[in-house]
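Input: a single structure, listed below in structure tokens.
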Amino acid sequence: MSNFLFYILASAIVILSLLAVSLPNLLHGAIALVGSFFATAAIYILLQLEFVALAQIALYVGGIVVFMLMIILLTNDLGVDDRLSRVSAGRQASKVLIVLGLLGALLVFFKSNSSPLLAESAQHAAAPVSIDAIGIRLLSTSNGFIVPFEVLSLLLLAALIGAVVLSRRENKKEDQQ
Amino acid sequence: MMPSAELYPVNNFIGDAVRSLFPPHVAAVINGLIALLSLMALVGSLGAVLIYLERKVSAHFQLRFGPMRVGPHGLLQALADGIKAIFKEILKPEGADTFIFFLAPLLPVSAAFLILAIIPFDHHLQVADPAGGVLYVLGVSGLSVLGILLAGWASNNKYSLLGAMRSGAQMVSFEISLALLMLLIVMLSGTASLRGIVLAQQGTIFDWWIFKLPFLGILAFIMYLVASTAELNRTPFDIAEAESELTGGFATEYSGIGFAMFFLGEFVNMFVSSCLVTTFFLGGFHAPLFGLPVIDPILSLIPGFICFFAKAFLIVFLYMWFRWTFPRVRVDQLMYLEWRIMLPANLLLLMLAGLFVAQGWAG
């Protein structure tokens, strides 16, 4: 049953992702992207990676897509000229060739290199990771990721301050004019 | 194959009865269907009850009677309005995007529906209890922002777009405050599952998070109420709809069932928000015990879900009280409130609460 579910979800992800990059209307593309994020979260749930699934929904659907939508909405003339530039048949064919080549290369790679992740026994090897374990691992000083965590938060803080500084300067110039 | 047939098993007598009657895989499907159907019934009936309540509360605040004609005390008014909305013609403005125009009204209701699925109404009256419940709430509530933004754009109307942008900016800003307050609760409870948060508040009324921390709890409670009112787009923060400026904001072009869906979504989201307040601050399904010898045993006889609904409807009444008491704030005042007052206060509160937890003064 879960195999069946996986194939449904995987094909939904493929179709929605293709739609997200190929639909002529940007907003339709964004909605397809939301759908593909949800399907990806469902696959994480199937893998019992609850935290990853929830983080996926909270960050991508609740945060990033909303900001993308606001940017799209602020873009002028979205509904008037929403056709992407037309691509010639030769370019389309070369795209298909590149994708097929990549797929073939991946197939050859996984056929020749037996990964432990692809083995039959791997399905039960990955134990579900609890949120508590992730939090403890992330913040513990002995065997954790506290240093990368703090460095990342410093980086984000720097980005935030940078954004504030940039927007302030612009405002002052406007005031002087 | 998955190790268990059900990822989030239904742990009450109905779930057990279904499991004893059917083989595991079929039982999982049947349990899921029963849970979904009961949630649908809850959303449908809540909509009618809340709309009736809002009209009655507003009427009594303004020394009127409110709906009185349809049924005793106007009890069937919501039903009549619902039937009217269903049979009304749906108008789509010219140049509007058909797909998004009809998709958008569904999103706020589905967000409410999805969050109701993890609310612990009673000890075992909960559809699913993910360990990261708080994270789930934060993620799924993004759907209602999405619905409003899409509705505003798809209507092909300036008022709608303005309303949508205002509401998007507002909801995104106040979500930060909500997330920080939820983080505070998670820190106090030591768990992110909603059931775990309720169980952490077991005991008397003074073990609820609102009273547990001296002053901090009640401060957090008030801030949560303010931020969630803004998140719900209700007066005094309803600048997204603002009838007097934007003729209805994002819902301007909607009629018939499309508008009814937005209306329903707004009201059910209000109830969901009250449920979350009840869960986070008011001890969820625990009876309000005072530590007194005679009254406590009587109070603890009340079933948990009655306590839960009583607390939730008290918060709903508070939201309605806000709506009919305060005038609407301006956009810049709203943003000032969030970014200059609420957010620094939240961070300070979080640090103080962290100190309390680290020193072992709480919980």
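A note on names: the letters A, B, ... follow the listed sequences, proteins ahead of strands, and every chain is numbered from 1.
- Neither the backbone nor the side chain of B/Ala179 comes within less than 4.5 Å of any heavy atom in chain A.
- For A/Phe38, the part sitting under 4.5 Å from any heavy atom of chain B is the side chain, from C-beta outward, and nothing else.
- Chain B is approached within less than 4.5 Å, heavy atom to heavy atom, by no residue from residues 100-108 of chain A.
- Comparing B/Leu149, B/Leu103, B/Val172 by heavy-atom pairs within less than 4.5 Å of chain A, the highest count is held by B/Leu149.
- Between the A/Gln56 side chain and the A/Thr40 main chain, no donor and acceptor come within less than 3.5 Å of each other.
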Let me have the donor-acceptor pairs involving side chains of residues 334-345 of chain B, under 3.5 Å, with sequence neighbours excluded, atom names and distances please.
| residue | atom | partner | partner atom | Å |
| --- | --- | --- | --- | --- |
| B/Glu338 | OE1 | B/Ser177 | OG | 3.0 |
| B/Glu338 | OE2 | B/Ser177 | OG | 3.2 |

> Could you go step by step and tell me if B/Val145 and B/Ser167 meet the side chain to side chain contact (heavy atoms under 4.5 Å, CB included) rule?
Replying inline: CA-CA 8 Å; B/Val145 192; B/Ser167 130; 5.6 Å; no
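- When atom types are taken as modelled, the side chain of A/Glu50 and the backbone of B/Pro130 share no donor-acceptor pair closer than 3.5 angstrom.
- Here A/Val66 is the residue among A/Val66, A/Val61, A/Val34 with the most heavy-atom pairs under 4.5 Å with chain B.
- More than 12 non-hydrogen atoms from other residues, nucleotides or ligands lie less than 6.0 angstrom from CZ of A/Phe37.
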Donor-acceptor list for residues 132-141 of chain B side chains, cut-off 3.5 Å, not counting sequence neighbours:
| residue | atom | partner | partner atom | Å |
| --- | --- | --- | --- | --- |
| B/Tyr136 | OH | B/Leu114 | O | 2.9 |
| B/Ser141 | OG | B/Val137 | O | 3.1 |
| B/Ser141 | OG | B/Leu138 | O | 3.0 |
| B/Ser141 | OG | B/Glu175 | OE2 | 3.4 |

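- Applying the ring pair (Phe, Tyr, Trp, His ring centres under 6.0 Å) test to pairs two or more places apart or on separate chains, none has a residue in residues 135-168 of chain A.
- Listed for the B/Ser228 side chain is no donor-acceptor partner under 3.5 Å among the backbone atoms of B/Glu231.
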